[in-house]
Structures are given as structure tokens and as C-alpha cells.
Amino acid sequence: MPPQLYEFHLPLSPEELLKSGGVNQYVVQEVLSIKHLPSQLRAFQAAFRAQGPLAMLQHFDTIYSILHHFRSIDPGLKEDTLEFLIKVVSRHSQELPAILDDSALSVSDRSAHLNALKMNCYALIRLLESFETVTSHTSLMNLDVGGKGKKARTKTAHGFDWEEERQPILQLLTQLLQLDIRHLWNHSIIEEEFVSLVTGCCYRLLENPTISHQKNRPTREAITHLLGVALTRYNHMLSATVKIIQMLQHFEHLAPVLVAAVSLWATDYGMKSIVGEIVREIGQKCPQELSRDPSGAKSFAAFLTELAERVPAVLMSSMCILLDHLDGENYMMRNAVLAAMAEMVLQVLNGDQLEEAARETRDQFLDTLQAHGHDVNSFVRSRVLQLFTRIVQQKALPLTRFQAVVALAVGRLADKSVLVCKNAIQLLASFLANNPFSCRLSDTDLAGPLQKETQKLQEMRAQRQTAAASTALDPEEEWEAMQPELTSTLQQLLKFPQEEEVMPEQIANTETSEEVKGRIHQLLAKANYKQAITLAREAMGHFQESEPFSLTEPEESEENRFLHLLGIIFKGPAASTQGLDRNMAPGQTVCKETTSVSEPERSRKTDELVKQEMLVQYLQDAYSFSQKITEAIGIISKMMYENTTTVVQEVVEFFAMGFQFGVPQALFGVRRMLPLIWSKEPGVREAVLNAYRQLYLNPKGDSARAKAQALIQNLSLLLMDASVGTIQCLEEIICEFVQKDELKPSVTHLLWEQVTEKVPCSPLERCSSVMLLGMMARGKPEIVGSNLDMLVSVGLAEKVPQDYRLAQQVCCAIANISDRRKPSLGKRHPPFRLPQEHRLFERLQELVTKGFAHPDPLWIPFKEVAVTLTYQMAEGPEVICAQMLQGCAKQALEKLEEKNTSQEDPKETIPVLPTFLLMNLLSLAGDVALQQLVHLEQAVSGELCRRRVLQEEQEHKTKDPKEKNTSSETTMEEELGLVGGATADDTEAELIRNICEMELLDGKQVLAAFVPLLLKVCNNPGLYSNPDLSAAASLALGKFCMISSTFCDSQLRLLFTMLEKSSLPIVRSNLMVATGDLAIRFPNLVDPWTPHLYARLRDPAQQVRKTAGLVMTHLILKDMVKVKGQVSEMAVLLIDPVPQIAALAKNFFNELSHKGNAIYNLLPDIISRLADPEGGVEEEPFHTIMKQLLSYITKDKQTESLVEKLCQRFRTARAERQYRDLAYCVSQLPLTERGLRKMLDSFNCFGDKLSDQSVFSAFLSVVGKLRRGAKPEGKAVIDEFEQKLRACHTRGLDGIEELEINQGGSQRAPSARKQSTVSRLQPLASAASDNDFVTPEPRHSTRRLLNTQQRTSKKKPRIVFSSDESSEEELSAEMTEDETPKKTTPIRRASRRPRS
């Protein structure tokens, strides 16, 4: 058939071209074999050179055959075919403009070109799709192939890079579609199949997941432009909308790609309507359907969010369609709609010049955002806070909404979701950074100006009212003001005369027209327009011949007549003033002139009043904002020690910003964040460093010296009244800054100038400068070391009076230049020490001995650091300190002799020594004793080890090679620690121990001379009753006990008696610390006294409880004491009225929960003790404690075991309170289905207790928790358990029997058999047992014994659980010798040194 006589129909599938269709429809005659394809392609190429694009009409079968065998043919042939078809289509697109413009084109030629166009496009597009399919399949097969050569391998495999070939083809098709090719079709209507053919290839290319990669950006742009041409020229809108919706549902990667395309069509191609069509389709999606299709909902949400960012103005007109999704279940769609609203507020509805409609739309969007700040889904709440953060940062939030949004953020700080809390803090930080009020947001600073300006405003308003009352208004102006409303009322009365109101009083017969005019004037002045019009109408009929009622023109309309009459009455024209007082006329004229003269003045005063009102409103808003920020700070400060790192980082940044904006309470947060410098989380530590770097390292100043001065002043403010812990944290931060060279040299220079008094400064500033230099010396010791002599001469100089605070800080600063730690074995150089004759020790000894005789309270802390520094840096420190002790003791004896000689009859009067001297002496002796011990244990022991290692290395170097070979046989033994270093370590440790035990407190030593005096003071609290003396003596006794185990053993009874019976909280607190240290040094000796340590946890004094909590926390977590049943005393601290103590207890259990199953093992005993009616706690506090403790039980096996144990305990409980407590504990456990089955198995244990409403409610709450996440198969068990609960609650245990009968005995038979087995294995305990909460023997003992053996084989923390102790232990400290505990339990120390 000649080409002009057939018609090529675009097929839906390639197979359709092989079938004969309608009349004159083209059919592929033959599918060529693979071997004939190259020759036929060459023939096609030759024909193309001769005939041009119309050659396709005779050679289409060749291209069809190539497509048919595409997967089997040679890659070279594929490439040649693609290259050739591109030439054909390109040539055709070049020739078509001339053909289309030819008016003489015959029908046959037009048909030939149409067929050729369809064939060429079909062939090229199908070839493109074939390449794309093969490439996509290959890339999926090689998905695991990576490395630098991946791209090269792909290119080699296909012969060319297909990703680079797609763009020219798409551009060619775009160029072709831009021609006016519709004239080739009949009636110039392009068939839909042709448009679908071209656009379909675009959609297939988009389905490739790699299309979103950056390298494929040219291809994406080419697809976008091709589809854009189809939209604008070929009516592709409806098809594109449907296809985009389908692709969004099925391909997650396409959301950003399609957003870019749609936004380009809406802007560059002017196709804004497609946005509305797509949004309409999304808006009509059923919310329930989207909740079942999370993938599609996610894509729709991403599409809407990004589209709103690109074209918010276009999308805004379609927002009403999306509002239904705000009530849908899918939170991602809610987030998308809210994000779109926020983008419109930011980009479209922003600014002060908005029209009324735009302003209303903005307010509606903001209202919606605020409402969803309380959304049920935490992700939506978090997203709302993020959106408000952006709005605030870009200053798009109206001032009128500041208070409401700040209140929203403050409320969200208490949200259960960590993400919401984090974003709430970020929003408040943005409010601080972008607030329009002030850079100083102190509510105390703002309160004064607010009160002052408010008072001024009230005065201005009062003056305005007075002026208004005294100034007569122009009647003409008043009439013009009232005329619109009067006209409206008149028209209404004339239109509806039946609605006229009847005057309460008619015109009297004796009433004159002037009196009626006066009444009408009064009604108009009072704005009673209806009554005035009605009265005027009656007057017109009553006074027809009296002016002004007779001056009406009959030809005027009724409305104009009334207005004219009322105007004459109100304004009083000259014609109607004959009856008025003529003397008023001149006065009225003067008044009018005065008014006209004062008009500018009145306008100025009005402007001033408006400005004042705005100022007061501004100050009021600023004050309210400051108060909200202050409220937020109180909440945020409690979140500083959360477990979530990101929240802590946000809290730190918030306080840093608040401090910069002058919020007074922010300083509290800045100080409170200091301990976070010790955090194990690098992010938290770095956040604290950044905060202090931002706050203190970049001060404002014109010069380097001014900046240094500001920096020093700011840091000094932090040191004022700072605790020891705060100073240590700040020291760590400054050390970090110094090591990183972030502190300028000008800071160091200025500090030294203040220390040496070259710059005038106060004593406190000088002391702070020394502290800062000491902190810097930790990072760079040469800062102080290079100026040591100057610091000694300045800081330790003799003065009157002596500044012991400065001297103390000088000692601390000098101590930082030496290494405090024990010398390691790898060090070759001896530790840094100064000779005894150094000026430093001379000054220290002189200051200590001279200050001893003066009652200065600052001398005690000074002499402590002086003794510590001496032992830390001096050669032979014991000699220097012995001289200090001797010098002070000599002064005490001299003072005693002076007192004795001054008495008249020394034989009859006991000599008396001033209390402060005795206190100073004992305190100094205690410090020397403790430092002597530390010196031996650390410095001397370390030096012995160092010398031994050096000696061994020297001997090893001097050995002959033969000796080295023979010594290699002992290498294995040395590595195992059987000889060599380990033995030497033990020898050195034994030497140090013997010195401490035998020599330090021997009668020949200096310290031994103070022991009798010390014991006498401690044993006679009535005679030595001074509180300071008692505190110093008790602390010194504890330090002396640290030296020798023998001396410690002999004085333990005295220590614990004082710990229990002393009336001074400071003594009990000091001794708690001392006995805690002794428990670590001599654990075997202190172990029998452990109950007395626990007893201090219930001490009436807050200080003692806090100290006891700290000490017991360290001892228990370091495994130095047994974790016995008395740990319940630590649990009681969870409800301590002092927040710091309660936080300490919570931290203890947090740490204990990380030690294996420690809390799980302790819980039964804690419950027994706390629920004991005689010695436990009240019900509400019990609930608080157990809620915290049971939150640590997270493992399913632990939960199931605890449920079983607690259920069994119902049998032995005797009081109703115990039932309720046990039920509450069960309700707080995170039960699973297996745990529920355990409860069902043990139902008989607690079934008879369900008549109590509290017990029943607790078990019902368990049912409620289980239902939330229950699986369908588990709901039957839950329903059964609830039915049994309700039956027992209403009718007792008999109700269960009735329930089982109703349900059918056959269904319950297995369960009944199981319960009977349980009852045989587990007999009921006697109710009259002496021990109340004895846990019954567990069931399946054989299996559990096996499990126990398996568990004990694993390494566990050394926590001993003792439930056998008596709950009635005597804690009295009045103990005689036979009452002293003799039973000792050996506790192995972590150290390898042997202890007696």
C-alpha cells in the first residue's frame, strides 16, 4: 500500500501494530530477524539521505524490529539507531515550519508528513523508554557496587552514558512541540494519543529514583519544560493533574521534583490554575484513606510544604480546600497545612500595610497555628513551635500576639514530649533575640518607667477632660457630626411609620413653641433622635403658625423639611433667635473665635496624648513579656539536668541569651549550668564552654585593656559568694580557655597589676584576681610559676590586720603549679618540690604561728590550705609542719601559764585556756595528721615506685646479653605478677602501712602528744560545750582515726556515740563525712556499724540528712557497704521537704539502676519496710516513692517476677493499708500479656481483697493500660481478667464461681486444673505468723534454682541483698563495751594492698 493511502495509528502496546485494524490502518508487515537488522538500518539511512524524514514511511518495520529485539541486539546497533533517529526527528522539526506555512499543501502530502511525524516520534520515544528501562534495571542489579570506578564501569557496560543522552532528546521533543503542528491533523485538533505519547515518556523518566540526584538536574529541567509546553499548547492540564497525584502516592522521591516543576509552570508558564487543580485533588482525599496510606500522605505533605515555600501567593487561594485535613488523623498532613499557613504569613501576609481582608486571613492562620499548639500529636505541637520560631525570627508576628504565643511556649515547657520541650525553649530564645521592646528585659527595671508613664497619661487625660468641659463646641460642627446618623434614623421612621415610638409625654396645652424647641434641642444633644423627630412632627402640627415650625417649604420632600427644621432648632439661626437672649450672640462669636485660634494647640495636645498612650502600651507589653520570660526561666532551669542531651544544650543556650538580655534570673541559670562542665556528653560540655565563651570572652570595650578589665570584672562577679563546687567548675572552664589560648595576654597582665596593687582595687577584687590567676595556672603553670617569688612577697606579706582570705587564695594559686596527682610509674623525673628553706614555707610557718593566737575565723581555712600546700610542694614537709605544731602548742602553753600566774590562788582554781586557742590547736593537729597520711600514701609511695622502676631499668641495661637470655625464662612469671613489680608493690605498701600503724601515733611522734587532749575534749561534751570547739575536735578525731586501724578500732564507739547523740548538727554532719571515709579505708572495722550510718538519713537536721545522703550514695555506689534493707531510708529521702535532698536521692537511684538488677533485688524489702504500719511512711508518700522506684523496672522478666511476688504477698498482708499499697505497686508496673497471665494464675491471692474500692481501682487501671497496646488475641484475656475483677468486687469470690458457670465449665477446665495445681504447690501461710511480709516460697523451685545457678555464673555488681535483718534494730548510741558489735564481715577492698 502506498504511504499516502494508509494512516498510522499510535498503539497502546507494540503488539497492536502487528494486528490488522480498521480500513487503511498501518500494520507492520514483518518483524525482521536480528541478523538482518544492521543491513536494513543501513538501507534506512541511505533512504533518509535521499528522501529525508519521509523515509520512515517505508522503513518503519526496521525500527520496530530493533525495538522488538532490543534486549538481544548488540549495544552498538542500539546506539547507532538512537543517534540516527535523533537526526531524523531533528531534520523533520527543521523542515516542518516551511511545510506548515505552505498553503498549497495537498491532502496526501499533509497525511504523509503526519504519518512520518507520528512514526518518528513513536520510534524515538519507545527507543528512549527502552534505554531507560534497561539502565534502571542494571542500576538496581548493581546497587551494591560502589567506589570511584562505578561510573566508569556503567559507561563502559553500555558503551555510552545514557544519563547524558536523555537531555538532548527531551529538548528535541520540546522544540518539536513548540511548532504549530496541529495543522497536520484534521480540523487542527491534535489527537490525545500523540500528546500522551510525548508526556508519557516524561512521567516514566520521573519514576526513576535517581532522577532526584543533583547530577540529573539538566534532565529534570528538560522534562519540566517539555511538560510545560504540553500544558500551555496541548491542553494537558487534567491529565497532568491526575498523573501528578498518582505519582506522589507511589513514589516518595518525587515530591521535591514535582514541586520544582509545578512552581515553574505557575510562574514562568503562567499556569497558576494547575496549582489549584492539584490542591483540589489532594484536598478531596479522604482523611481516613490517608491514615491507611502513610507513604502517600508523607509525599502529599512534603509536596504541599515545599510548594508553599516556593509559590505561597498562588497556593493561598486554594487553602480553604485543605482545611479539612486539619481535622484528619494523619499528623503529617496537619503539619503540611500548618507549614503552608506559616509560609503565607511569612511571605505574603507580612507587613504593616496589609488590607483588611489580608489582615483577617493572617489572623485566621495565626489562630489556627496557636490552636494546634495543643494538638494531640507531639509532632504537630513541635512543628507549630518550629513555625512560630521562624515567624518570630523574621519579625512577622504582630505585636498584639506576642503575649499569647509566649504563653503558648511557656505552657509547652511542661510537655511530656522531649521534642516539644526543646522547640519551646528555642521559640522562647527567638523571642528574646528578636523582641521589639528592649535589650534589657528586667521586670524590676521596667516597672518604674511603666508606673511613671501611666501616671502621666492619667494626668493628661484628666487635663483633656477638663479642657473639653470648659470649651464650648461649635454647633455647626456638632450638627455635621450627628447628621449622618440622624438622617438614617429619619429615613427609617419615614419608611416604617408604624414602628414609631410614642412619646411618653405629649405637648401640653400651656407649653410654648420655645419650650418645645428646647426639648427637641436637648433630645438631639443626647442623641435621642427618634424621640426628637417624633416631637418635631407633633410640633409641626401643633404650632403651624409659630417659627420655626411654619418655615417649611411645601415643595420640599418630607425628609428635607424635617432635616431643615431640626437643623434650625439645633444650630439656632439669626432668623429664629428673636425669642432668645440677645446678650448671648456676642459671647458665641467670641467663643467661636477662641476655638479657631486654639485649634493648632488642641491638635498638638491630641497628638501628645496619642503618643503617651502608645508609650504606656509599649511599656506594658514589655513588662508583661519580661514577666513571662521570668516565669519561663523558673521552668527551664529545672530541665537543665535532663537525660536528653539536645534539651540540655537548648537550656544552656537559652540562659546564655537571657543573660545577654539582662534578665536578672538568668544569672542563676548561668551559675547553675556550671556543673555540666563535668558532663560525659561532649555536646553538653561544649555547649557550656560556648556559653561562657560567648558571655565572658567577648566583652565590649574600646581597647584591649578595656576589654580585659570588663572580662575580669564579669568573672569576679561570678566568684562573689560562690561555693567550692562553683569555683571548681569555673576553674575547669578557665583552664580549658587557657589551654586553647583564648584568654589574651592583656588579661594576665591586668590581673598581675591588680595583685601587686599597681592598679587601685578593693581587697575583694584583689582576692578575685589571685583566684583567677590560680585557675589559669592549672592550664599553664608558668603563669604563676614565673612570678612565684613576687606572689609570695605580695600575698603572704606581714600586715596589720592580716588578710587571711588573700593568703588562702595565694596558697591555692601556688598549689596549681604542681602536679597534685600521684606520680605515675612511667615518669623519669622527680616531682616538682621546693627546698625547706624556700621563702614560701617561711612565710607560711610565720603566718600560721602568728595567727594562731588571734581569734580570726579566716585563720582556720587558711592554715588548712597552708598545711596542704606544704605537704604538696616542700621537701621534708613533716619537719615544717611539726615546727608549726610545736610553735602553736608553745603559744597555748604560754597563754595557759599567763592565766595561771594571773590568778591569786592558783591551787584552788583550774587554769583555763581560751576556747579559740584550743579549737585552733586541735584543728591544726587534725590537718597535719591527715596530710601526713596522704603524703605517705601518695607522694612517698609514688616516689618509691619511681625509684624502683628507674633502678630496675638501670640494672637491665647493665646486664650482659647472656644474663638477659637466662632471665627470659622468668618473663612469664613476671607478666603474671608472681615476682618483680607486684611483690615490690606489696613490700612498699606494707612499709607505708607499718609506718602509719606503728610510728605516726607512737609516743615519740609529735602527733601522739595531741591524742590525750583530743580524746578528753571529745569524751566530755558537757565540759567542752562550745559548738566550734566540738566541731573541730570531732573532725580532728576522724582524721586521726584515718591513720591507724588500731587507733580507729579503739575510738569507733566514741565516734558513733557522738554521731548519734551530739546535739550539734555540725558535729553530726562532720562525723558522717569522717565515718564515710573510714568505711572506705577500714571497711572491715566499720561494717558492723553500718545501721548507724543509715540511721542518719532520718536525722531531724536538714544539713545532716543531706550529708548522710551524699556519703551513703558514694559508699553504696562504690560497693563499700552492704546494700541492706535499710536502703529504704534512702527511698524516704525521695519525699524530703528539701528539694536538694530529694534530688540527691533521685540521682542515687538513677545511678543504682545502672548496676544490674540492684533495684529489682531491693524492691521487695523496700516495700515491706515502707508499708509496715508501725515503722513505714504514710500512704501518699508511699505512692510517690514507689512510683519513682518502679519506673526503673523495665525488663519484662523482672516485671513478671515482681507481679507474682506482689500477688503472693496479698496472702500474708493483714491490714487494709497493706492491701492498698500492694495493689498500687502492681498498678505501676509496665505489665505485658505474660504479666497479666501471671496475675490470672495468682488471682486467688488477691481476689478476696477486691471489695476494697482502692484495690479494685488499682487493678482496673492495670486493665486500662493493657488495653492501649493490646493485640487482638490478647484482648480476650484482658476481658476475662476484667470480668473476674468486677465479679469479685461486687459479689466476692463467689462471683467468680458464678462467672465460670455462666461461661461454661468446659472452657475453664484447664485453667481450673492449673489453679488447683498451684494451690497444692503453694499452701497458704498462716495469718498469725510473727513476720508480716514474708514472701512465700516460689513455685517451680527446681527450674528457678537452675536459672539462679545460671545467673550467678555471670559477673554482677557486688550488692548484697539482706532481707533477714530485724526491722526493730536498736540505733541508740549509748553503748557499753559488751554492746559494741563484735561480729565483722570481711569486705575485700578494690586496692591490692593488704589491710588488717
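Being a predicted model, the structure only gives us computed values, none of them experimental.
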Do Arg401 and Asp367 meet the salt-bridge criterion of a basic N to acidic O distance under 4.0 Å?
yes
Name the orientation class of the two ring planes belonging to Tyr331 and Phe379 (parallel below 30°, tilted from 30 to 60°, perpendicular beyond 60°).
parallel
Stepwise side chain to side chain contact (heavy atoms under 4.5 Å, CB included) check, Val392 with Leu427:
CA-CA 8 Å; Val392 172; Leu427 176 54; 4.1 Å; yes
Could you go through Arg412 and Cys421, starting from their C-alpha distance and side-chain angles, then the distance that decides it, and tell me whether this counts as side chain to side chain contact (heavy atoms under 4.5 Å, CB included)?
CA-CA 6 Å; Arg412 289 300 93 206; Cys421 292; over 6 Å; no
Would you list the pairs meeting salt bridge (Lys or Arg N to Asp or Glu O under 4.0 Å) in which at least one residue belongs to residues 666-684, sequence neighbours left out?
none
If the plane angle is over 60° it's perpendicular, under 30° parallel, otherwise tilted; pick one for His253 and Phe251.
perpendicular
Pairs meeting criterion salt bridge (Lys or Arg N to Asp or Glu O under 4.0 Å) with involvement of residues 687-699, two or more places apart:
Glu686-Arg693, Arg693-Glu742
Charged N to carboxylate O under 4.0 angstrom, Arg310 versus Glu343?
no
Kindly compute the distance separating NE2 (His225) from CG (Asp268), expressed to the nearest 0.5 Å.
7.5 Å
At what distance, to the nearest 0.5 angstrom, does CG of Leu674 lie from CG of Leu718?
6.5 Å
For residues Gln694 and Gln660, is any side-chain donor paired with an opposing acceptor at under 3.5 Å?
yes
So does Glu356 pair up with Arg359, basic N to acidic O under 4.0 Å?
yes
